[in-house]
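Chain identifiers are assigned alphabetically (A, B, ...) following the order of the sequence lines, protein sequences preceding nucleic acid strands; residue numbering begins at 1 within each chain.
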There are 2 protein chains.
Amino acid sequence: MRIGELAEAAGTTTKTLRFYEDQGLLPPAERTPAGYRAYTPEAVTRLDFVHRGQAAGLTLAQIKQILDIRDHGQAPCGHVRDLLDARLADIDRQITDLLALRVNVAALRDAAADPEPDTCSADEVCRYL
Amino acid sequence: MRIGELAEAAGTTTKTLRFYEDQGLLPPAERTPAGYRAYTPEAVTRLDFVHRGQAAGLTLAQIKQILDIRDHGQAPCGHVRDLLDARLADIDRQITDLLALRVNVAALRDAAADPEPDTCSADEVCRYL
DNA sequence: CTTGACCTTCCCCTTCACTGGAAGGTCCAG
DNA sequence: CTGGACCTTCCAGTGAAGGGGAAGGTCAAG
């Protein structure tokens, strides 16, 4: 299949596929005599994996690490587990941060919802922030 | 005060201060005869406001909007309230998304924590992602 | 008089994941 | 044989918030 067909099958764009090849997420594609990239259906599977990794919040670099291990003939599950552990810790940290931020922003918003014209003057920076 | 002193007083760097001036967050500074920027203590207040805005998760562009309104002699509180409302909705959306993501990632991690060697082979993409 | 700390402008670099566009080659239908 | 759809490479830019460093001016102390 050509790059346009793969893009449609995988739900992405040709630009992105060339970018992925450039970044090492896809192996350099076989070429037709005319120089067109020719893909096997495996590529769709690989791209699905990439998309699942992205949906889990992994970066392309992390997904590439997993694929590199797999491409070297090893089972990447241990590494996947480690990455997911780290990702989980990261998500927990983000949630904690956002909950704390939410409290602060909600308090500021509530204060700003009932402004006292005298203190909320243009002469000074708005006191609600 | 010179730019280095202001940077120290505001807990930032001279690079950042010139960047802020460039972005319109700080008005173009007065200059000494030698061309050095000369600031009044007001600048510290303004930078504190910028930092509080950042701590609330506002972008520099949003903070600039508030400051522009204030600099035009109007009270920015109404706009601040609108920005904080939007920010709050955004935080809630992020938290919701992260909680959903957490469930998925935790499930993947738990699956990967107990791999079955036969199915977690190098011949196929790791089934835990 | 020189040294060192500070200041100036200028331009490029960073991360992340793409996206746009130009200039040119290939392939198939009409 | 021409038009349009597809493909190729390469270069450049996006957005956020600065950071790095060069080349040169200024100022106070020793």
Side-chain angles (χ1 to χ4, degrees), chain A residues 1-39 43 46-67 83 86-87 90-91 94 97 101, chain B residues 1-39 43 46-67 83 86-87 90-91 94 97 101:
Chain A
M1 66 200 316
R2 285 177 311 178
I3 196 169
E5 296 168 308
L6 176 58
E8 187 162 9
T12 184
T13 67
T14 59
K15 278 283 189 190
T16 299
L17 294 182
R18 292 192 197 96
F19 171 72
Y20 282 1
E21 178 175 317
D22 202 51
Q23 300 297 302
L25 286 150
L26 289 177
E30 297 297 309
R31 298 297 179 123
T32 68
Y36 286 14
R37 286 177 179 79
Y39 294 97
R46 198 173 175 99
L47 285 169
D48 284 346
F49 179 79
V50 172
H51 290 331
R52 286 198 302 281
Q54 283 193 300
L58 299 180
T59 65
L60 292 183
Q62 290 173 323
I63 296 166
K64 175 171 154 50
Q65 284 177 13
I66 299 172
L67 290 169
L83 281 176
R87 184 75 192 103
D90 200 43
I91 291 170
Q94 288 184 57
D97 289 352
L101 181 59
Chain B
M1 67 199 313
R2 284 178 311 177
I3 195 169
E5 295 167 308
L6 176 58
E8 187 161 10
T12 183
T13 67
T14 60
K15 277 284 190 191
T16 298
L17 295 182
R18 292 192 198 96
F19 172 71
Y20 283 0
E21 179 175 316
D22 202 51
Q23 300 297 302
L25 286 151
L26 289 177
E30 298 296 309
R31 300 296 179 123
T32 68
Y36 287 13
R37 287 176 179 80
Y39 295 96
R46 197 174 176 99
L47 286 169
D48 284 346
F49 179 79
V50 171
H51 290 331
R52 285 198 302 281
Q54 283 194 300
L58 300 180
T59 65
L60 292 183
Q62 291 172 322
I63 296 166
K64 174 172 155 51
Q65 283 176 13
I66 300 173
L67 290 170
L83 280 175
R87 183 75 191 105
D90 198 45
I91 290 170
Q94 288 185 57
D97 288 353
L101 180 59

**Q** In whole angstrom, give the distance that lies between atom CG of L25(B) and atom C1' of dA16(D).
**A** 12 Å
**Q** Under the side-chain contact (heavy atoms from CB on, under 4.5 Å) rule, collect the residues that match up with A9(B), sequence neighbours excluded.
**A**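 A9(B): side-chain contact (heavy atoms from CB on, under 4.5 Å) contacts with M1(B), V44(B).
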**Q** Mind checking what makes salt bridge (charged side-chain N to carboxylate O under 4.0 Å, His left out) contact with R18(B), not counting sequence neighbours?
**A**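 R18(B): no salt bridge (charged side-chain N to carboxylate O under 4.0 Å, His left out) contacts found.
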**Q** Name the residue closer to the 5' end of DNA chain C, choosing between T12(A) and P33(A) according to the nucleotide with the nearest heavy atom.
**A**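 Comparing both residues, the 5'-ward one is T12(A).
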**Q** Roughly how many Å is it from CG in L6(A) to P in dC6(D), rounded to a whole number?
**A** 15 Å
**Q** Under 4.0 angstrom, heavy atoms only, what part of the nucleic acid is T13(A) near: base, sugar-phosphate, or nothing?
**A** sugar-phosphate
**Q** Which residues pass the side chain to side chain donor-acceptor pair (under 3.5 Å) test with E8(A), not counting sequence neighbours?
**A**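 So E8(A) forms no side chain to side chain donor-acceptor pair (under 3.5 Å) with any residue.
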**Q** Identify, with sequence neighbours excluded, every residue that meets salt bridge (charged side-chain N to carboxylate O under 4.0 Å, His left out) alongside R87(B).
**A** D90(B)
**Q** Would a 4.5 Å heavy-atom cut-off, applied to side chains only, mark L17(A) and L47(A) as touching?
**A** yes
**Q** In whole Å, I'd like the distance from the OH atom of Y20(B) to the P atom of dA16(D).
**A** 14 Å
**Q** Which residue, T59(B) or Y36(B), contacts DNA chain D at a nucleotide closer to its 5' end, judged by nearest heavy atom?
**A**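 Closest to the 5' end, via its nearest nucleotide, is T59(B).
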**Q** What are the 5'-most and 3'-most nucleotides of DNA chain C lying under 4.0 Å from any heavy atom of chain A?
**A** dA17(C) to dC27(C)
**Q** Given dG18(D), is OP1 or OP2 found less than 4.0 Å from the side-chain N or O atoms of Q54(B)?
**A** yes
**Q** Quick one: on DNA chain C, does A61(A) or R2(B) contact a more 5' nucleotide (nearest heavy atom)?
**A**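 So the residue in question is R2(B).
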**Q** Who pairs with T13(B) by side chain to side chain donor-acceptor pair (under 3.5 Å), at least two apart in sequence or on another chain?
**A** T16(B)
**Q** Under 4.5 Å between any side-chain heavy atoms of L26(A) and L67(A), yes or no?
**A**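 A side-chain contact under 4.5 Å is absent here.
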**Q** Let me test you: for the helix from dC1(C)-dG30(D) to dG30(C)-dC1(D), what is the angle between the axes at its two ends (five pairs each), rounded to 10 degrees?
**A**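 End axes: 30° apart.
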**Q** What is the distance, to the nearest angstrom, from the CZ atom on F19(B) to the C1' atom on dG21(D)?
**A** 18 Å
**Q** I'd like a list of close polar pairs between nucleotides 9-12 of chain D and the protein, N/O only, cut-off under 3.5 Å.
**A**
from, atom 1, to, atom 2, distance (Å)
dT9(D), OP1, R31(A), NH1, 3.4
dT9(D), OP1, R31(A), NH2, 3.0
dT9(D), OP2, R37(A), NH1, 3.0
dT9(D), OP2, R37(A), NH2, 2.9

**Q** Do R37(B) and R31(B) come within less than 4.5 Å of each other through their side chains, counting heavy atoms only?
**A**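 Yes. Closest side-chain heavy atoms under 4.5 Å.
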**Q** Residues in side chain to side chain donor-acceptor pair (under 3.5 Å) with Q23(A), at least two apart?
**A** none
**Q** Provide, to the nearest angstrom, the distance between the CG atom belonging to L17(B) and the C1' atom belonging to dA17(D).
**A**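 Going from CG in L17(B) over to C1' in dA17(D) covers 13 Å.
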**Q** If the condition is side chain to side chain donor-acceptor pair (under 3.5 Å), which residues does T14(A) pass it with, not counting sequence neighbours?
**A**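 Per chain and number, T14(A) pairs via side chain to side chain donor-acceptor pair (under 3.5 Å) with no residue.
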**Q** Evaluate the side-chain proximity of L25(A) to F19(A): yes if any heavy-atom separation is below 4.5 Å, no if none is.
**A**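 Result no, sub-4.5 Å side-chain heavy-atom pair not found.
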